[in-house]
Amino acid sequence: MTQTFAPTFRNSSVIVLPMPEVSASKDPETAPLITVDLPDGTSVRVEIPVRDAGTGTVAVLIREDGTEQILLGLPSENGISVILQDGDTVKITDNHKSFADVPEDYWGAEAIEFVIAREIFKGTGEDTFAPESSMTRAMILTVLARCEGVDTAAGGEWYESGVQWAVENGISDGTDLNAPVTREQLVTMLYRYAGEPETAGSIGSFSDTSAVSSWAEDAVIWAVENGIMEGMGDGMLKPQEAVTRAQVAAILQRFLSL
């Protein structure tokens with residue numbers, strides 16, 4: 001059964017839907033359905049109250065043609081917050097997945113759950129994530145394209161749609177697709193994806209700031225200022241170091257939570 005709710009607008013970045021808590025379901029067929037009633041043409045971030053919501057709790061948009069899309073909803077104090085438009089219908093599901101190589105106490109476990117539940121990332125096997133493996137440019141561009149809702153399953157090669165989207169949007173020139181991505185290269189792609197916002201200040205007090213390439217300085221300053229890029233625990237930023245899958249997951253979670 002679909003429930004329709006009209007949020008009460010107030011001066012807040014997140015509007016709480018006036019509804020009782022729902023429970024996320026592992027079974028998409030029994031997941032609660034919610035439709036928002038907003039002024040025509042309005043788009044707003046709403047909080048959907050969900051009982052015992054976790055990082056793996058997601059909102060799935062049901063389009064008019066019956067197709068579905070997992071939205072980049074964020075965990076909130078009482079459930080999940082997600083940007084919706086007038087008339088949107090979503091179902092609330094538990095899309096948590098476990099991997100044998102990602103124990104609960106692993107430093108990046110929550111970030112990995114975040115990207116996997118939203119299907120931005122996929123596992124490397126039925127029961128593996130390979131958190132310490134590096135990522136190529138083709139992999140990163142495919143992940144970013146999924147963030148934008150691009151159907152990366154289309155095209156001849158597995159990376160074709162993602163690379164095409166990235167080139168068309170000025171995020172990458174589409175070269176060196178098999179090369180590993182460094183930390184400064186990753187945040188530069190994110191900086192371009194964010195529209196290259198103005199930056200102020202400096203990179204910070206890291207001992208290796210001189211290792212940041214001149215072309216990446218604005219992006220690194222922006223990433224550090226916004227908490228997207230953090231040090232490596234030894235006072236160093238290590239901008240030239242190749243990023244691992246777990247590191248990309250953590251950086252993406254921070255970026256998408258801005």
Side-chain angles (χ1 to χ4, degrees), residues 23-32 50-62 67-75 79-80 82 90-163 177-183 186 189-190 228 230 232-233 241-257:
S23 294
S25 174
K26 269 289 192 184
D27 180 2
E29 298 300 320
T30 62
V50 182
R51 186 176 301 109
D52 299 325
T55 308
T57 303
V58 297
V60 183
L61 176 67
I62 303 175
T67 58
E68 299 181 354
Q69 176 189 351
I70 296 179
L71 300 177
L72 296 178
L74 303 174
I80 183 171
V82 61
V90 295
K91 60 183 176 183
I92 308 302
T93 66
D94 177 2
N95 207 26
H96 168 78
K97 294 180 177 66
S98 298
F99 296 99
D101 56 355
V102 183
E104 290 184 6
D105 60 353
Y106 179 69
W107 72 267
E110 181 180 325
I112 290 170
E113 180 175 25
F114 179 89
V115 297
I116 284 291
R118 285 148 187 82
E119 299 186 0
I120 303 169
F121 268 64
K122 298 183 185 299
T124 56
E126 187 174 333
D127 194 32
T128 57
F129 184 82
E132 299 301 319
S133 296
S134 61
M135 295 188 71
T136 65
R137 290 168 64 86
M139 292 174 183
I140 295 290
L141 297 180
T142 300
V143 164
L144 293 182
R146 289 179 188 145
C147 291
E148 190 62 18
V150 175
D151 179 8
T152 58
E157 299 290 345
W158 62 267
Y159 54 79
E160 186 174 320
S161 296
V163 172
L177 294 177
N178 292 318
V181 175
T182 64
R183 285 165 56 80
L186 173 60
M189 293 178 189
L190 291 176
I228 298 168
E230 299 178 349
M232 299 293 285
E241 186 172 286
V243 288
T244 65
R245 284 169 57 83
Q247 289 172 350
V248 175
I251 289 172
L252 267 181
Q253 184 185 30
R254 297 177 199 135
F255 171 71
L256 294 171
S257 299

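Note that the structure is predicted; figures quoted are calculated from it, not measured.
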query = Given side chains that start at C-beta, do those of I112 and F121 come closer than 4.5 Å, heavy atoms only?
reply = no
key: E119/V58 under side chain to side chain contact (heavy atoms under 4.5 Å, CB included): CA gap, chis, key distance, verdict   = CA-CA 10 Å; E119 299 186 0; V58 297; over 6 Å; no
ask   = Do K97 and E113 sit within salt-bridge range, that is, some charged N less than 4.0 Å from a carboxylate O?
value = no
Any donor-acceptor N/O pair, D94 side chain to K26 backbone, under 3.5 Å = no
query = Within a reach of under 6.0 Å around CD of E110, are more than 12 heavy atoms found that belong to other residues, nucleotides or ligands?
reply = no
task = Spell out, as yes or no, whether a donor-acceptor pair under 3.5 Å connects the side chain of R146 to the backbone of I120.
result = yes
ask   = What pair of heavy atoms forms the shortest contact from P103 to A109, and how long is it?
value = O-CB, 3.8 Å
query = For the residue pair C147 and L256, what are the closest heavy atoms and their distance?
reply = SG-CD1, 4.1 Å
inquiry  = Is there a side-chain contact between D101 and E132 in this structure, where contact means two heavy atoms from C-beta onward sitting under 4.5 Å apart?
reply    = no
task = Please test I228 against L252 for side chain to side chain contact (heavy atoms under 4.5 Å, CB included), starting from the C-alpha separation and ending with a verdict.
result = CA-CA 8 Å; I228 298 168; L252 267 181; over 6 Å; no
key: side chain to side chain contact (heavy atoms under 4.5 Å, CB included) evaluation trace for I251 with L186   = CA-CA 9 Å; I251 289 172; L186 173 60; 3.8 Å; yes
inquiry  = Looking at D27, I'd like to know if its CG atom is crowded, meaning that more than 12 non-hydrogen atoms belonging to other residues, nucleotides or ligands lie closer than 6.0 Å.
reply    = yes
task = Write down the atom of A24, the atom of V50, and the distance for their closest heavy-atom approach.
result = N-CG1, 4.0 Å
inquiry  = Under the rule for side chain to side chain contact (heavy atoms under 4.5 Å, CB included), what residues qualify as partners of W158, not counting sequence neighbours?
reply    = A138, M139, T142
ask   = For atom CZ of F255, is the number of surrounding heavy atoms from other residues, nucleotides or ligands below 6.0 Å larger than 12?
value = yes
message = Any non-hydrogen side-chain atom of T182 less than 4.5 Å from a side-chain atom of E241?
response = no
Closest non-hydrogen atom pair between G162 and A145, with its separation = CA-CB, 3.6 Å
ask   = How about F114 and P75: do any of their side-chain heavy atoms sit closer than 4.5 Å?
value = yes
key: From CD (E29) to OG1 (T93), nearest 0.5 Å   = 11.5 Å
Nearest-0.5 Å distance that lies between atom CG in L74 and atom CD1 in I80 = 7.5 Å
request  = Check whether any side-chain heavy atom of Y159 sits under 4.5 Å from a side-chain heavy atom of L141, and report yes or no.
outcome  = no
key: Heavy-atom side-chain contact between V90 and I62 under 4.5 Å   = no
key: Approximate separation, where rounding is to 0.5 Å, of K91 NZ and S25 OG   = 9.0 Å
key: CD-CG distance between E68 and L61, expressed to the nearest 0.5 angstrom   = 9.0 Å
request  = Output, in order, the C-alpha distance, side-chain angles, deciding distance and verdict of side chain to side chain contact (heavy atoms under 4.5 Å, CB included) for T136 and V181.
outcome  = CA-CA 6 Å; T136 65; V181 175; 5.8 Å; no
task = Would you please say whether a donor-acceptor pair under 3.5 Å links the side chains of R51 and S23?
result = yes
message = Measuring only between side-chain heavy atoms, which start at C-beta, is N178 closer than 4.5 Å to R137?
response = no
ask   = Looking only at heavy atoms, which two atoms of Y106 and P131 are closest? And how far apart?
value = OH-CB, 3.5 Å
ask   = Quick one: does NZ or CZ of R245 land under 6.0 Å from the six-membered ring centre of F129, within 45 degrees of the ring axis?
value = yes
ask   = For the residue pair I116 and K122, what are the closest heavy atoms and their distance?
value = CD1-C, 3.8 Å
query = With side chains defined as the heavy atoms from C-beta onward, is the minimum distance between M135 and Q247 less than 4.5 Å?
reply = no
